[in-house]
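Report on one structure; see the data block that follows.
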Number of protein chains: 2
Amino acid sequence: MARAATTADVFNAVAEPRRREILDLVATEELSVSELVERLGIPQPQVSKHLRVLREVGAVHVRSDGRQRFYRANPEALRPIHEWVSRYAAALEERFGELDAVLSELKREELGDDCNDA
Amino acid sequence: MARAATTADVFNAVAEPRRREILDLVATEELSVSELVERLGIPQPQVSKHLRVLREVGAVHVRSDGRQRFYRANPEALRPIHEWVSRYAAALEERFGELDAVLSELKREELGDDCNDA
DNA sequence: CCAATATATACCGATATAGGAATATGTCAA
DNA sequence: TTGACATATTCCTATATCGGTATATATTGG
């Protein structure tokens, strides 16, 4: 067996930097394929193919208007990623806390090291 | 060019479910390869290969003790994912808010619909 | 109907897998 | 040294890409 399909789940879908870029572009506003092509600076077929992957994992919604198709991000599809990584978020923030502790320690030492067990 | 290497970045590394499973296992406690093999129920070479990928993106730390190697997760490596998906977290939580609103609405209707603009 | 526009799909080539089996490396013990 | 144990690496095959090019499928306007 080879690697899992990019359409297997949203983790695989957004492992591709271009697709994250596309999601970021359509996160706040609806964009047509042409507009995406223009902003990304890559050939239209590639954009369509990336959009297909994003569609198949539900990461984008499409609205047809004439011959244009407007895409927008569907953050709900990112929930599995958010939930998974959130289990580590505490540790990440704890690390910030540790950093703060270290900095405080350094600052205390800097102010005067005559405070050790004296 | 084919797909990006799994070792290219942490997004690709954790796109593989087994590797997320491994990270989850070593998130709270240090585990040897044998213990991982036992808990995952997959052949040892595969575990070692997954661990190698996780190592190469810095997602795990290793400690050698005799002939054993103990692995533990390094949440810091997940920060890019956390930061990226956090930009969508607001939308996700907003949706929770919407859901709450809908539920409240349903509950209010259930309690008595004679309260509408009366 | 025909042409032009907007988008999607098909085909091709190169590559990086993931899984399985076998083997290599490293470490302890007798 | 020899053997057993723990782990890493190598070789193999099948597959699912991703990029590029060409083409198919709407949809609109004249």
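Hydrogens, waters and symmetry mates play no part in the numbers below; they use all other heavy atoms, side chains included. Lettering follows sequence order; numbering is per chain, from 1.
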Specify the separation, in whole Å, of atom [atom1] of [X] and atom [atom2] of [N].
| X | N | atom1 | atom2 | answer |
| --- | --- | --- | --- | --- |
| A:Leu40 | D:dG19 | CG | C1' | 15 Å |
| B:Arg63 | D:dA6 | CZ | P | 16 Å |
| A:Leu54 | D:dC18 | CG | C1' | 14 Å |
| A:Asn12 | C:dA16 | CG | P | 17 Å |
| A:Gln68 | C:dA8 | CD | C1' | 15 Å |
| B:Leu36 | D:dA6 | CG | C1' | 13 Å |
| A:Asp9 | D:dT17 | CG | C1' | 15 Å |
| A:His50 | D:dC18 | NE2 | C1' | 7 Å |

Open item on the list: For the residue pair A:Asp24 / B:Tyr88, report whether a side-chain donor-acceptor contact shorter than 3.5 Å exists.
Closed with: yes
Open item on the list: Using heavy-atom distances to pick each residue's nearest nucleotide on DNA chain D, tell me which of B:Leu51 and A:Glu16 is more 5'.
Closed with: B:Leu51
Open item on the list: Return whichever of A:Arg18 or B:Arg55 has its heavy-atom-nearest nucleotide of DNA chain D closer to the 5' end.
Closed with: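 Counting from the 5' end, the first nearest nucleotide belongs to B:Arg55.
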Can you name the nearest heavy-atom pair linking [X] to [Y], along with the distance?
| X | Y | value |
| --- | --- | --- |
| A:Val60 | A:Tyr71 | CG2-CD2, 3.8 Å |
| A:Val57 | A:Ala13 | CG2-CB, 3.7 Å |
| B:Gln44 | B:Val33 | CG-CG1, 4.3 Å |
| A:Arg79 | A:Glu76 | NE-OE2, 2.7 Å |

Open item on the list: Looking at D:dC18, I'd like to know if its phosphate oxygens (OP1 or OP2) sit under 4.0 Å from a side-chain N or O belonging to A:Gln46.
Closed with: no
With a non-hydrogen cut-off below 4.0 angstrom, is [X] in contact with a base, only sugar-phosphate, or nothing?
| X | answer |
| --- | --- |
| A:Arg52 | sugar-phosphate |
| A:Ser48 | base |
| A:Phe70 | nothing |

Open item on the list: Nearest to the side chain of A:Arg3, heavy atoms from C-beta on, is which of C:dA18, C:dT9, D:dA8?
Closed with: C:dA18
TODO: Compare the minimum distances between each of C:dT17, C:dT9, D:dA8 and the side chain of B:Tyr71, then state the nucleotide with the smallest one.
DONE: D:dA8
TODO: State whether B:Arg52 and B:Glu56 are salt-bridged, where the test is any N-O pair (Lys NZ or Arg NE/NH1/NH2 against Asp/Glu carboxylate O) under 4.0 Å.
DONE: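 Counted as a salt bridge, because a side-chain N and a carboxylate O are separated by less than 4.0 Å.
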Could I get a table of every N or O pair under 3.5 Å where one atom is in the protein and the other is in nucleotides 21-30 of chain C?
unit_1, atom_1, unit_2, atom_2, d
C:dT27, O2, B:Arg67, NH1, 3.4

Task: Residues in salt bridge (charged side-chain N to carboxylate O under 4.0 Å, His left out) contact with A:Arg55, at least two apart in sequence or another chain - done: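 Scan of A:Arg55 (salt bridge (charged side-chain N to carboxylate O under 4.0 Å, His left out), adjacent residues dropped) gives none.
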